[in-house]
Amino acid sequence: MSGEKPAIGVFGAGWVGLVTGACFAELGHEVVVRDVLPERVEALQAGHLPLHEPGLAELLERNGERLTFTTELDEVVSAPIMFVCVGTPPTYSGDADLSAVWTVVNHLPSLEERAILVMKSTVPVGTGETVRSALDARGLAHVGYVSNPEFLSEGSAVRDFMSPDRLVVGAFTEADAGAVAALYEPLDAPIVRADVASAEMIKLAANAFLMTRISFINEIANVCEATGADVEQVAKGIGLDHRLGPHFLRAGIGWGGSCFPKDGVALKQLASNSGYHFQLLNAVIEVNELQKRRVIGKLEKHLGKLRGKTIALLGLAFKPNTDDLREAPSLVLASRLLAEGAEVRTWDPVADASNVLQGVTFCDSVLDAVTGADAAVIVTEWDELKTLASEEVRTAMRRPLILDGRNLLDPEQARSAGFDYEGIGRASSPLASLPETEEREHQLEA
Ligand SMILES: NC(=O)c1ccc[n+]([C@@H]2O[C@H](COP(=O)([O-])OP(=O)(O)OC[C@H]3O[C@@H](n4cnc5c(N)ncnc54)[C@H](O)[C@@H]3O)[C@@H](O)[C@H]2O)c1
C-alpha cells in the first residue's frame, strides 16, 4: 500500500470480503482486508488466492498497490468505513451463528474518530438494532451502523459487484447512508435506501424467492416426468412471460451452496422464533431435500440395487466456476450412494473434497472417473461435461448410462451417441433403459 491511511477496512477474506476489498481497490480506494486465519493472510500476501473465483486473482494483482492483507485489528480499525464480511453459518438450531460478527463488534477499540461499521454479512432481521444498542452501551455512539447486504453470486462475483442490479443501504442516520452510498456512486446502480430491519429482510427475502423459483420448477419437472411433458420446453414457455422472467427456472437436482441452504433455514427460524410458521418456505426447503435424493431412485430404476455398482459423480462444487463445496448436492449424493453400497468415483476441475468426503475415489479426469462406471451422473454443469456423450466415454463405461442432473446435454444427441440418457423432467424411455435382467421383467410387470 502507498502508506496512506486506508479509506476502507474489510473484516473477512472469504468470497465476499475479498471481492469487496478488491473491487473497492479497483475503484481507487486504499483498502485493508483483515482475516483471523494467518495462513489465509500469508497466502494472500504472497499473491495466492485461497479460493476459486473468476477474475479475482487478476483484480488483486492489478490493485496490489492499494490493497493490504493483515491479521492485525489495529490496521483495519484505522479505516473510517469498515465492512463486515465474516461468515454467518447455521447453528444446530438453524439460526444464523453470529459469533464472528459479535467478535468484530466486541473487539472494536474505543475509536477516537467517527467511523461506520457496514454489515455485508447476511444476518437475521434485528441484528442491526442489537449491534446499535451494544455500540451505544460501550460508548461508541459515534460509530455509525449501516446494513448493506451483498447479492453477489459465486462464479460471477466480480461482475456482480461491479455491475449490481441494485444496492441496498439501510441506516439509522441519513449521513451514514449517504457516506456508504457515495462509495458506490461510480457503479451507477439503483440504490434502495431502507431502514436497517428492511435492508436485512431484503437480503433474506430475495434469497428465499430465488430458492422458491428453483423448487417450483423442480416440482414442475417431477410432474412433467409423471405426465410426459418436457420441463425445458415448459420453462421456456413460462420464462418468456414478462411478468415471470426466465431466471432461476432451470430444473435440476436442487440448490446448495454457502447461502441458500443456511439463509433459507435462518429465515424459517427467524419467522418461527417470532411466532410465525413460514409454511411456503418450509415446503421450498423440503422439496429441495427430496430433489437431491430423487437421483438415487432414478439410478435404481435403471440399475436395480446399487450395491456393487460403480457410479461416477461428475462435478462436486455446488455450481460451476467455484470450488465452494458448502452444502453441495454432490456431498449428499455421494453419502447416499455409499450407504447403498455403491462404489463412487468423482471428478471436479477445481473443488477438492478430500477433507469432506471419505470412501470415494477422486479422479483427475472425466475419462478416469467414468472408466468402468455403470452410470455417470452430471452433478455440476461444468463446461467440460458438455461433450460427455462421446465415443471415448461410452466405450470406457461398463454401462453407457448418463443421468443428467442439470439438463446439460441434448437428450437426442446423447441417445444417438449410444447412451441411455435421463435428465430431470425430460421425456425418458425408461423401458429401453432397463437392464436385460429379471429387474427389467419386474419393471415391465410393475
Ligand atoms: N459467498 C457468497 O456467495 C455470499 C453472497 C452474499 C452474501 N454472503 C454472506 O457474506 C458473509 C460472508 O460469506 P463468505 O462466503 O465470504 O464467507 P467465508 O466463510 O468464505 O469467509 C469469511 C471469512 O471471515 C473470516 N473471519 C471470521 N471471523 C473474523 C474476524 N473476527 N475478523 C476477520 N475475519 C474473520 C474467516 O476466517 C473467513 O475467512 C456471510 O454472511 C454470507 O452469508 C455470501
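In each ligand, atom 1 is the first atom listed, and ligand 1 is the first ligand listed.
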Out of [options], who is nearest to [atom] when you count heavy atoms only?
{"atom": "atom 28 (N) of ligand 1", "options": "Pro50, Cys85, Ala100", "value": "Ala100"}
{"atom": "atom 26 (N) of ligand 1", "options": "Leu37, Thr20, Val86", "value": "Val86"}
{"atom": "atom 34 (N) of ligand 1", "options": "Gly12, Cys259, Gly14, Gly9", "value": "Gly12"}

Open item on the list: Can you tell me which portion of Ser121 lies within the under-4.0 Å heavy-atom range of ligand 1? Options are side chain, backbone, both, or neither.
Closed with: both
- [ ] Classify the contact between Leu152 and ligand 1 as side chain, backbone, both or neither, using a heavy-atom distance cut-off of under 4.0 Å.
- [x] both
What I want to know is whether [X] and ligand 1 share at least one N or O pair that is separated by under 3.5 angstrom.
{"X": "Thr122", "answer": "yes"}
{"X": "Asp35", "answer": "yes"}
{"X": "Lys262", "answer": "yes"}
{"X": "Thr103", "answer": "no"}

Got [X] and [Y] here, is their nearest side-chain heavy-atom distance under 4.5 Å?
{"X": "Arg40", "Y": "Leu51", "answer": "yes"}
{"X": "Lys120", "Y": "Val10", "answer": "no"}
{"X": "Asp348", "Y": "Trp382", "answer": "yes"}
{"X": "Trp102", "Y": "Val131", "answer": "yes"}

TODO: Compute whether any side-chain donor of one residue and acceptor of the other, for Asp195 and Ser198, lie under 3.5 angstrom apart.
DONE: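 Distance-only check passes for Asp195 and Ser198.
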Give me the residue, atom name and distance of the protein heavy atom closest to [atom].
{"atom": "atom 32 (N) of ligand 1", "result": "Arg34 NH1, 3.5 Å"}
{"atom": "atom 1 (N) of ligand 1", "result": "Glu154 OE2, 2.8 Å"}
{"atom": "atom 31 (N) of ligand 1", "result": "Val104 CG2, 3.7 Å"}
{"atom": "atom 30 (C) of ligand 1", "result": "Val36 CG1, 3.6 Å"}

Open item on the list: Go through it in stages, so that I can follow the logic: the residues are Lys319 and Asp324, the test is salt bridge (charged side-chain N to carboxylate O under 4.0 Å, His left out), and I'd like the CA-CA distance, side-chain angles, deciding distance and then a yes or no.
Closed with: CA-CA 8 Å; Lys319 68 175 188 177; Asp324 201 340; over 6 Å; no
- [ ] Output, in order, the C-alpha distance, side-chain angles, deciding distance and verdict of salt bridge (charged side-chain N to carboxylate O under 4.0 Å, His left out) for Lys203 and Glu200.
- [x] CA-CA 6 Å; Lys203 172 65 189 174; Glu200 292 165 341; over 6 Å; no
Open item on the list: I'd like to know if the side chain of Asp95 reaches the main chain of Leu270, judged simply by a donor and an acceptor atom lying under 3.5 Å from each other, with no hydrogens or angles considered.
Closed with: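 Such a contact is absent between Asp95 side chain and Leu270 backbone.
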Open item on the list: Closer than 3.5 angstrom, by distance alone: can the side chain of Thr380 be matched with the main-chain N or O of Ala317 as a donor-acceptor pair?
Closed with: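 Between the backbone of Ala317 and the side chain of Thr380 there is a qualifying donor-acceptor contact (under 3.5 Å).
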TODO: Compute the minimum heavy-atom distance from Arg326 to ligand 1 and say whether it is under 4.0 Å.
DONE: yes
At a 4.0 Å threshold, what atoms of ligand 1 neighbour a non-hydrogen atom of [X]?
{"X": "Val16", "value": "4 (C), 5 (C), 7 (C), 8 (N), 10 (O), 13 (O), 16 (O), 44 (C)"}
{"X": "Ser258", "value": "1 (N), 2 (C)"}
{"X": "Gly87", "value": "22 (C)"}
{"X": "Thr88", "value": "40 (C), 41 (O), 43 (O)"}
{"X": "Glu150", "value": "6 (C), 7 (C)"}

TODO: Report, as yes or no, whether the 6.0 Å neighbourhood of atom CD on Glu289 holds more than 12 heavy atoms from other residues, nucleotides or ligands.
DONE: yes
Would you tabulate the side-chain donor-acceptor contacts of residues 72-82 under 3.5 Å, counting partners in other chains and residues two or more places apart, or write 'none'?
unit_1	atom_1	unit_2	atom_2	d
Glu75	OE2	Thr70	OG1	3.3
Ser78	OG	Glu75	O	2.7

Open item on the list: Run the side chain to side chain contact (heavy atoms under 4.5 Å, CB included) test against Ser274 and tell me which residues pass, sequence neighbours left out.
Closed with: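 Listed in chain order: nothing, the list is empty.
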